[in-house]
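Remarks on the structure that follows.
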Amino acid sequence: MSEQEEDLIYRMYKLVGDRWGLIAGRIPGRKAEEIERFWIMRHGEVFASRREELKSSES
């Protein structure tokens with residue numbers, strides 16, 4: 001991913017959340033699966049820790 005693509009992904013995610021198809025539509029040549037995989041690789045640990053916090057607070 002280029003720096004411009006990463007920047008666009010971050011900005012789009014803030015606007016539309018995890019609607020990967022919509023985000024990919026803004027980046028020529030990229031598929032939704034690519035965008036999602038990129039996001040998970042960069043932010044997977046953050047999401048995993050948030051899920052654990054939510055599970056703990058629900059108990």
Side-chain angles (χ1 to χ4, degrees):
M1 296 274 171
S2 71
E3 190 174 322
Q4 292 84 9
E5 288 173 324
E6 289 185 26
D7 183 52
L8 182 57
I9 292 167
Y10 287 120
R11 288 186 287 127
M12 289 292 295
Y13 185 85
K14 285 182 181 180
L15 289 172
V16 300
D18 62 357
R19 296 175 63 193
W20 307 120
L22 187 62
I23 295 171
R26 297 285 185 171
I27 304 173
R30 299 290 184 181
K31 295 180 181 177
E33 295 80 20
E34 269 183 290
I35 305 295
E36 183 177 10
R37 192 176 320 117
F38 163 78
W39 189 264
I40 290 170
M41 289 179 75
R42 287 285 175 102
H43 301 282
E45 294 175 7
V46 173
F47 290 131
S49 66
R50 286 185 184 164
R51 279 193 297 266
E52 289 302 317
E53 288 174 10
L54 287 173
K55 286 181 184 176
S56 298
S57 66
E58 290 175 355
S59 301

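These numbers come from the heavy atoms of this one structure, side chains and all, not from hydrogens, waters or symmetry mates.
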### Message
Is the shortest side-chain heavy-atom distance between K14 and Y10 below 4.5 Å?
### Response
no
Please tabulate, for side-chain N and O atoms in residues 28-36, each donor-acceptor pair with protein atoms closer than 3.5 Å (sequence neighbours left out).
{"residue": "R30", "atom": "NE", "partner": "E5", "partner atom": "OE2", "Å": "3.1"}
{"residue": "R30", "atom": "NH1", "partner": "E34", "partner atom": "OE2", "Å": "3.0"}
{"residue": "R30", "atom": "NH2", "partner": "E5", "partner atom": "OE1", "Å": "2.9"}
{"residue": "E34", "atom": "OE1", "partner": "K31", "partner atom": "N", "Å": "3.0"}

### Query
Mind checking whether H43 and F38 have ring centres under 6.0 Å apart?
no
### Query
When rounded to the nearest 0.5 angstrom, what is the spacing between CD1 in I9 and OG in S2?
8.5 Å
### Closest non-hydrogen atom pair between I23 and M12, with its separation
CG1-CB, 3.7 Å
